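Note sheet for the following structure.
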Amino acid sequence: MILDEGEFTPREIETFAAVMLHGTTTRAADALNITQPAVSKILLQLTAKTGFPLFRNHRQRLVPTPEAHMLYAEVKRVFESVRGISTAAREIRELRSGRLNVAALPAFGLTLLPSIVASFTREYPDVSITLDIRSSATIVQRTSRNQLDVAVAAEVDDESPSVVRRSLVATPPVCIMPKGHPLSRLSAVQVDDLDGQDFVSLGVGDRMRRQLDDLCKERGVTRRTKLEAALSDTCVNLVAEGVGVAVIDRLSAWMARDKAIEIRDFRPHLDVNLSVYRPWGTIASSVADTFIEHLIQKTRETMNVVDREIGELSSPPDIET
């Protein structure tokens, strides 16, 4: 950068501040690790640029003029700002500050995500996180517009090229039924077992619902759909009330295992996978990178437990009738 004739250089400002602080050019030179003549030369240059005297000699000491005190007040403010920038950089480096916009589909955002965010904020308490719950299609769309830092969604059919996707975990659905339901005698529920059953279905826009509908149509399975619900949690409550059986994501079912429901593995496994999304073409912050790694680790640890416990819940052998 080319300086105007009257523009101060950082070295001139630093030298001026050192003389104001230490009182003599000799002490200022020692503090700056330069020679005393160099300090004097810089002060002369600075005085010429200001257009007014900065110091007067009095008994071999430099006495600042009132104008010098006024200028020094501004210099101290600049130094405080620089220290503030350095502090901010250190806090960002150490993940002591930052902000994240995070979103997830309901089956994840209403079940596992809160505990993951809570454990992350305990480790990095000065990081602010905004959470949102949306459909997978909306999440991918908002991420492509750079409106989200991190998002968890099911893979969508029309995935945008403006996002970066990283596989998180496979979540094949399970079948849930009221306590004591005949299907609970099975170790795993096959799609053919749904024929003639009262059924609680997810909404038509749900990817898993569409896969299940196609599978039932292919196998000639007819379900008596009693109710439709947008969220797995609503399906769980309806099943617990005895309305019918449902096929939902295994995480929502496991989180509701203490309700009046039975959980059984569902066959064949439907292709339902969760992924982590972030905007394409942007460099993720260190906070976002650290959160993503935390998210992936905690999710996979939890899903290992979920898969094992659902396997144990599905342990009863088939009973011949």
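Predicted model only: the values in this text are computed from it and were never measured.
- Applying the side-chain contact (heavy atoms from CB on, under 4.5 Å) test between Arg250 and each of Val272, Asp265, Ile176 identifies Asp265 as the sole match.
- Side-chain contact between Leu274 and Leu105 is present, with heavy atoms from C-beta onward closer than 4.5 Å.
- The neighbour count for Lys179 NZ, taken as heavy atoms of other residues, nucleotides or ligands under 6.0 Å away, is above 12.
- Residue Gln147 qualifies as enclosed at atom CD: its count of foreign heavy atoms under 6.0 Å is above 12.
- Salt-bridge formation is not detected for the pair Asp213/Lys217: no Lys NZ or Arg NE/NH1/NH2 atom is positioned less than 4.0 Å from an Asp or Glu carboxylate oxygen.
- Using modelled atom types, one finds a donor on one side chain and an acceptor on the other under 3.5 Å when comparing Gln297 with Glu301.
- Ion pairing of Glu155 with Arg207 is absent here, as no side-chain N (NZ or NE/NH1/NH2) approaches a carboxylate O to less than 4.0 Å.
- Screening Arg224, Arg223, His181 for a side-chain contact (heavy atoms from CB on, under 4.5 Å) with Gln197, the sole residue that qualifies is His181.
- The neighbour count for Arg27 CZ, taken as heavy atoms of other residues, nucleotides or ligands under 6.0 Å away, does not exceed 12.
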Working for side-chain hydrogen bond (donor to acceptor under 3.5 Å, both in side chains), residues Gln36 and Ser40:
CA-CA 6 Å; Gln36 186 273 337; Ser40 297; 3.0 Å; yes
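- Side-chain atoms of Arg264 come within 3.5 Å of backbone N or O of Leu186 as a donor-acceptor pair.
- Put simply, the side chain of Lys226 does not reach to within 4.5 Å of the side chain of Leu238, judged on heavy atoms.
- Within the 4.5 Å cutoff, side-chain heavy atoms of Asp192 are placed close to those of Val221.
- In this structure, the side-chain contact (heavy atoms from CB on, under 4.5 Å) partners of Ile129, at least two apart in sequence or on a different chain, are Leu100, Val102, Val117, Phe120, Thr121, Val127, Leu131, Phe291.
- When the shell of 6.0 Å around CZ of Arg56 is examined, it contains 12 or fewer heavy atoms from other residues, nucleotides or ligands.
- Side chain of Thr50 to main chain of Thr47: a donor-acceptor pair is present (N/O by atom type, distance under 3.5 Å, no hydrogens or angles).
- Across all their heavy atoms, Ala256 and Ile261 have their closest contact at O-CD1, 3.6 Å.
- Across Val163, Ile292, Leu148, Val150, a single residue satisfies side-chain contact (heavy atoms from CB on, under 4.5 Å) together with Arg278, and that is Ile292.
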